[in-house]
Amino acid sequence: MRAVKFTACAALVLLAACAQLQTAVPDKVVFELNGRLAARYGAESFAGNLAWRHADRNDELLLSTPIGQGVARIVREGDAVVLTTAEPKEYRAADAESLTEQVLGFRLPLAGLADWVRARPSGAAPFKEEKSADGRLQSLEQSGWKIEYQEFDGERPKRLRLLYPGIELRLAISSWK
């Protein structure tokens with residue numbers, strides 16, 4: 001099954017050379033960030049770029065290859081999530097984690113990630129945190145994920161490592177708006 005998902009992801013990368021994914025701006029953007037994403041899930045892996053616009057009830061993420069060709073666009077509007085591939089094929093689900101696991105082969109924790117990239121716990125879910133001597137968040141455990149804050153740029157995280165059983169995500173944020 002993993003070989004099928006990896007082959008599908010590789011096919012998406014190849015198809016992306018022929019297609020660009022469209023983007024739209026969510027209303028009342030809370031933040032925008034750009035960076036690099038690396039995912040390791042079992043024996044498979046993915047590396048590419050991430051462009052993310054986050055609003056209170058909406059998200060738009062564009063995953064692209066290292067050379068900038070679109071691989072997938074993930075849009076959350078309220079409680080609905082749509083993932084569009086470069087082919088273009090659309091996939092729908094109630095949450096981004098199950099959708100990205102089904103289509104891309106790895107879970108992207110969109111529900112908590114908007115808070116975690118801002119170095120804070122997400123919602124009312126129980127959490128455990130560790131802080132450095134200067135009071136800066138070093139790690140956070142919530143909803144089965146462990147988030148390690150490896151580098152900050154001022155008050156904002158610059159490099160994060162997210163761990164979930166069988167999954168490792170690394171996020172290097174290059175710009176915030």
Side-chain angles (χ1 to χ4, degrees), residues 9 21 23-42 44-68 70-78 81 83 95-101 103-177:
C9 193
L21 297 171
T23 62
V25 180
D27 291 335
K28 300 177 186 170
V29 173
V30 174
F31 69 79
E32 293 183 36
L33 66 80
N34 292 295
R36 294 181 317 277
L37 174 70
R40 183 174 305 156
Y41 39 100
E44 311 300 330
S45 62
F46 167 82
N49 299 316
L50 170 71
W52 181 10
R53 292 183 185 116
H54 171 73
D56 288 332
R57 300 218 7 100
N58 302 311
D59 285 285
E60 180 189 40
L61 287 90
L62 180 63
L63 299 174
S64 59
T65 66
I67 60 170
V71 173
R73 178 177 174 241
I74 303 166
V75 176
R76 178 187 65 91
E77 292 180 355
V81 182
L83 187 151
D95 67 274
E97 285 195 37
S98 61
L99 183 60
T100 54
E101 184 173 39
V103 179
L104 302 176
F106 63 92
R107 297 172 73 86
L108 187 63
L110 188 58
L113 195 58
D115 289 309
W116 299 339
V117 297
R118 293 182 283 172
R120 63 186 195 192
S122 179
F127 66 92
K128 180 179 157 186
E129 64 181 20
E130 291 181 28
K131 294 193 175 189
S132 62
D134 64 359
R136 185 169 280 180
L137 192 58
Q138 283 185 305
S139 70
L140 176 67
E141 292 182 36
Q142 190 173 34
S143 303
W145 287 88
K146 180 175 184 179
I147 303 91
E148 297 173 350
Y149 297 90
Q150 299 178 322
E151 184 179 345
F152 282 81
D153 184 11
E155 294 298 313
R156 293 182 166 163
K158 187 172 182 170
R159 288 188 323 112
L160 297 87
R161 181 176 177 228
L162 295 92
L163 302 166
Y164 188 85
I167 301 170
E168 176 184 6
L169 302 176
R170 292 182 180 267
L171 180 59
I173 301 168
S174 55
S175 68
W176 285 91
K177 292 183 186 175

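We use all heavy atoms of the structure for the numbers below, so side chains are in, but hydrogens, waters and symmetry mates are not.
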Within-4.5 Å side-chain heavy-atom neighbours: [X] and [Y]:
| X | Y | value |
| --- | --- | --- |
| Leu113 | Asp59 | no |
| Glu148 | Leu163 | yes |
| Phe127 | Ile147 | no |
| Leu63 | Leu104 | yes |

Rounded to the nearest 0.5 Å, how far apart are [atom1] of [X] and [atom2] of [Y]?
| X | Y | atom1 | atom2 | result |
| --- | --- | --- | --- | --- |
| Arg53 | Asn58 | CZ | CG | 12.0 Å |
| Arg40 | Glu168 | CZ | CD | 5.0 Å |
| Glu32 | Glu60 | CD | CD | 9.0 Å |
| Arg161 | Arg170 | CZ | CZ | 5.0 Å |
| Leu61 | Leu108 | CG | CG | 6.0 Å |
| Tyr149 | Trp116 | OH | CH2 | 8.0 Å |

Residue pair Ile173, Leu50: steps toward the side-chain contact (heavy atoms from CB on, under 4.5 Å) verdict: CA-CA 9 Å; Ile173 301 168; Leu50 170 71; over 6 Å; no
Can you check whether [Y]'s main-chain N or O pairs, donor with acceptor, with [X]'s side chain at less than 3.5 Å?
| X | Y | value |
| --- | --- | --- |
| Asn49 | Thr65 | yes |
| Gln142 | Ala125 | yes |
| Thr100 | Phe106 | yes |

Enumerate, atom names and distances included, each donor-acceptor pair closer than 3.5 Å involving a side-chain atom of residues 153-160, sequence neighbours excluded.
from, atom 1, to, atom 2, distance (Å)
Arg159, NE, Glu151, OE1, 3.0
Arg159, NH1, Gln150, OE1, 3.4

Compare every heavy atom of [Y] with every heavy atom of [X], then report the nearest pair and how far apart it is.
| X | Y | value |
| --- | --- | --- |
| Val103 | Leu83 | CG1-CD2, 3.7 Å |
| Pro66 | Ala47 | CD-O, 3.6 Å |
| His54 | Ala114 | CE1-CB, 3.5 Å |
| Gly123 | Asp115 | N-OD2, 4.0 Å |
| Leu169 | Arg107 | CD1-O, 3.6 Å |
| Ser122 | Gly112 | OG-CA, 3.5 Å |

Within a 6.0 Å radius of atom CD on Glu77, are there more than 12 heavy atoms belonging to other residues, nucleotides or ligands? no
Please assess Leu137 against Glu129 for the test side-chain contact (heavy atoms from CB on, under 4.5 Å), listing each intermediate value before the final yes or no. CA-CA 7 Å; Leu137 192 58; Glu129 64 181 20; 3.6 Å; yes
Looking at Phe31, I'd like to know if the NZ or CZ of Arg118 sits under 6.0 Å from its six-membered ring centre while staying within 45 degrees of the ring's axis. no
Set of ring pair (Phe, Tyr, Trp, His ring centres under 6.0 Å) partners for Tyr164, sequence neighbours left out: Trp145
Do Asn34 and Ser175 have side-chain atoms, one donor and one acceptor, less than 3.5 Å apart?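 The criterion, which ignores hydrogens and geometry beyond distance, is satisfied for Ser175 and Asn34.
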How far apart are the C-alpha atoms of Arg136 and Phe152, what are their side-chain angles, what is the distance that settles it, and do they pass the side-chain contact (heavy atoms from CB on, under 4.5 Å) test? CA-CA 9 Å; Arg136 185 169 280 180; Phe152 282 81; 3.1 Å; yes
